[in-house]
Amino acid sequence: MRSARKPVGLSHSQLRGITSTGRWSSPTLHTRPLSPTANYTGLLPPSLLQATLKMPNTTINDKHTVSPLKGGMSVLKSRHINQGTSFPPQLRTSLRLRGLVPPTQETLDQQIERVITFLNTLESPIEKYCYLSRLKSENVTLFYRVVIDHLTQITPLIYTPVVGEACQKFSLIYTPGLVEGLFLSKEDKDHIPEILDNWPYPNPEICVITDGSRILGLGDLGVNGMGIPIGKLSLYIAAAGFDPSRTLPITLDMGTNNDKYLNDPLYLGLRCRRPSDPDFFDYIDSVMAALRKKWPNMLVQFEDFSSEHAFQTLDRYRNEYLCFNDDIQGTGAVILSGFINALTMSGVPLNKHRILFFGAGSAGVGVASQLKDHFIKSGGMSPEAARDVFWLVDSKGLVTFDRGDKLPQHKTLFARSDNGGKQFKTLADVINYVQPTALIGLASQGGAFTPDIIELMASMNDRPIIFPLSNPLTNAECTFEQAMIHTKGKVLFASGTAFPAFLDPYSKQVLEPGQGNNMYIFPGLGRGTVLAKAERVTDDMVYQSAVTLAESLTEEERSEQRLYPRLQRIREISALIARDVIHTALREGLAHEPAIVRMYGASPGQPVPAATLRDEERAAALLTYVQERMWNPAYPEDFSGLKAMM
Ligand SMILES: NC(=O)C1=CN([C@@H]2O[C@H](COP(=O)(O)OP(=O)(O)OC[C@H]3O[C@@H](n4cnc5c(N)ncnc54)[C@H](O)[C@@H]3O)[C@@H](O)[C@H]2O)C=CC1
Ligand SMILES: CC(=O)C(=O)O
Ligand SMILES: [Mg+2]
């Protein structure tokens with residue numbers, strides 16, 4: 001049982017007292033005016049806070065005081081402690097819960113059954129998302145048990161695709177008092193440390209941070225992007241056993257260039273356009289410095305920044321901070337992993353592949369770079385030869401040096417100069433020119449892989465590799481069914497968002513499509529770097545996570561023609577990835593966790609020789625070490641800590 005901690009800002013139960021109009025529905029603790037520097041900042045979306053501050057009647061004064069929640073109510077309102085109907089009778093008495101919960105005592109399994117039964121009665125995905133968010137805010141244990149036990153049903157509801165709709169509707173479904181992450185507004189640039197102090201949980205180990213500028217394939221959603229760090233961190237918890245109270249979702253509010261939101265009276269972010277690059281970097285530099293000052297060991301995952309900023313922030317911080325970019329590196333690793341398995345199944349030797357990317361943004365270039373490294377490391381190719389395996393298409397057609405437009409730096413990494421002055425505009429023209437063995441969609445252009453395109457790929461390859469990876473579902477370049485039908489079952493397929501299984505009329509097998517989504521990578525990569533107390537996240541750690549994922553398939557999974565392991569095994573897979581990422585950190589001399597380096601007879605920061613790392617007994621012990629540190633949602637049997645709080 002976690003010991004009680006005095007909240008620095010408002011506790012969740014106190015925040016519950018703020019109504020959507022910003023008034024206190026129930027008066028509270030202290031006589032204290034609401035001010036921009038007080039402890040409310042960051043916990044409320046900026047425009048709501050501004051509206052609150054403008055209201056004449058927002059001083060919390062003695063006339064309006066009541067006691068903070070006492071006794072049983074404070075237990076029921078503590079999401080990390082609440083067990084609802086599972087509290088045993090004797091505890092109900094000592095915690096003063098009797099009468100506050102229905103008389104029946106239920107097991108966790110019975111509670112799960114109720115959740116799933118009710119969830120199945122809800123019709124729209126967004127209702128299901130809202131119901132699950134509420135459940136998480138009330139009972140963390142039950143929520144994560146539901147997620148872990150019903151991964152394939154729940155993941156699409158709390159992550160892509162439904163999280164995309166939740167972001168688009170964020171200002172409508174926003175629930176006052178439900179604090180799931182921190183808002184850092186650029187207006188608060190001089191108050192960042194105070195805002196970080198408002199976060200009610202101590203010592204976060206991992207933070208996912210977005211500026212909302214490219215949310216999935218949905219574009220600039222501004223502060224509405226908050227759903228993404230929340231969703232990613234839910235997967236860190238469910239898939240890699242991070243302690244929920246040690247995760248920190250952050251949304252930077254720097255305005256939005258989306259006119260729809262700027263003109264929407266219900267939009268909850270700053271109503272201004274995004275800043276110039278110098279202002280952007282000035283602000284994010286301050287945020288990074290403040291985060292490190294307060295939580296020096298915290299891993300930062302950059303998520304869903306617009307492409308140029310995604311590359312620039314990664315370059316700027318990767319050697320100075322413990323951080324990585326999920327869209328560039330996590331996606332690169334997960335697609336490399338599926339590709340390694342597809343390579344074997346395609347029967348085409350590594351050096352005969354010709355890979356076409358439809359989309360040349362952070363994900364497209366990130367994946368191409370990761371694959372290129374593999375062609376060099378495993379295929380023995382020179383960097384020049386490996387680079388020539390790739391062709392990129394963006395909104396203007398094939399990316400070439402002589403196309404006439406100024407290419408951003410990331411596109412120059414794979415721009416072609418061997419096109420003989422010819423330019424290719426349509427995808428079909430590019431395919432006919434390149435004759436690719438693999439077509440990878442990361443352009444957020446739903447349906448772009450038309451039947452003609454898929455048939456063209458099938459006409460050139462015995463086993464065409466077609467990965468429509470854009471998110472959410474509406475942006476997928478084609479469906480699994482379309483890919484199967486138009487390649488007559490020959491396709492090697494993975495998509496960003498899961499598609500349903502398909503009965504292949506040719507093999508008569510029910511085939512499940514692969515989900516090429518970075519959720520297979522980031523939980524284990526994050527777990528490994530945090531447990532190792534790694535100095536930074538290196539390319540080799542990312543590469544290793546791809547290789548481990550590729551090798552993690554069982555014989556049965558391979559016989560089912562899968563490119564990725566079953567999602568239900570994700571905790572097991574994340575532990576393996578974490579173990580191997582720690583190995584890489586040890587090899588590179590970047591691991592600082594004394595308990596881990598001691599297992600290998602080394603000291604913190606000292607490289608461990610490859611031969612020592614091959615020791616199977618130590619590897620097994622390290623895996624156990626990782627698994628034993630994975631948070632597992634269960635109700636505690638020892639309530640002594642809780643009683644002490646009362
Ligand atoms: N499956 C996965 O794990 C991941 C999927 N994604 C998805 O990939 C997509 C792209 O993400 P980013 O690369 O970060 O976005 P981005 O905005 O950086 O890049 C998009 C690219 O698509 C190109 N594009 C736009 N319209 C086009 C058109 N009509 N024809 C050809 N190209 C066009 C743009 O020029 C740009 O190069 C999103 O849908 C995102 O959700 C991103 C990361 C991980
Ligand atoms: C999956 C993911 O990170 C994206 O679509 O942006
Ligand atoms: Mg992303």
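In each ligand, atom 1 is the first atom listed, and ligand 1 is the first ligand listed.
With contacts defined as side-chain heavy-atom distances shorter than 4.5 Å, the pair K136/I158 does not qualify.
Atoms of ligand 1 found under 4.0 Å from any heavy atom of G361, numbered from 1 in the order shown, are 13 (O), 16 (P), 18 (O), 19 (O), 21 (C), 36 (C), 37 (O). Near A443, the atoms of ligand 1 lying under 4.0 angstrom from a non-hydrogen atom of the residue are 22 (O), 24 (N), 25 (C), 32 (N), 33 (C). Within ligand 1, counting atoms from 1 as listed, the ones closer than 4.0 Å to a heavy atom of G496 are 1 (N). Residue contact check: G217 has heavy atoms under 4.0 Å from atoms 38 (C), 39 (O), 41 (O) of ligand 1. Those atoms of ligand 1 with a heavy atom of A360 less than 4.0 angstrom away are 21 (C), 36 (C), 37 (O).
Taking the Mg ion (ligand 3) as reference, D304 places its N/O/S atom OD1 nearest. Considering just the N/O/S atoms of D327, the one nearest the Mg ion (ligand 3) carries the name OD1. Distances from the Mg ion (ligand 3) to the N/O/S atoms of E303 are shortest for OE2.
R579 pairs by the salt bridge (Lys or Arg N to Asp or Glu O under 4.0 Å) definition with nothing, not counting sequence neighbours.
Heavy atoms of N518 approach ligand 1 to within less than 4.0 angstrom.
The part of N517 lying near ligand 2 is the side chain, judged by heavy-atom distances below 4.0 Å. Proximity of T331 to ligand 2, defined as any heavy-atom pair under 4.0 Å, is not found for any part of the residue. Here E303 has side-chain heavy atoms under 4.0 Å from ligand 2, and that is the only part of it that gets that close. Looking at F522 against ligand 2, nothing comes within 4.0 Å, counting heavy atoms.
The single protein non-hydrogen atom nearest to atom 38 (C) of ligand 1 is S444 OG, 3.1 Å, given as residue, atom name and distance. Atom 33 (C) of ligand 1 has its closest protein heavy atom at S395 N, 3.4 Å. Counting only heavy atoms of the protein, atom 20 (C) of ligand 1 lies nearest to L442 O, 3.9 Å. Of the protein's heavy atoms, R214 NE, 3.4 Å lies nearest to atom 15 (O) of ligand 1.
Close N/O approach between N475 and ligand 1 is not found [any backbone or side-chain N/O within under 3.5 Å].
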Show me, pair by pair, the donor-acceptor contacts under 3.5 angstrom made by side chains of residues 443-457, not counting sequence neighbours?
unit_1, atom_1, unit_2, atom_2, d
Q445, NE2, A443, O, 3.2
T450, OG1, I453, N, 3.3
E455, OE2, H486, ND1, 3.0

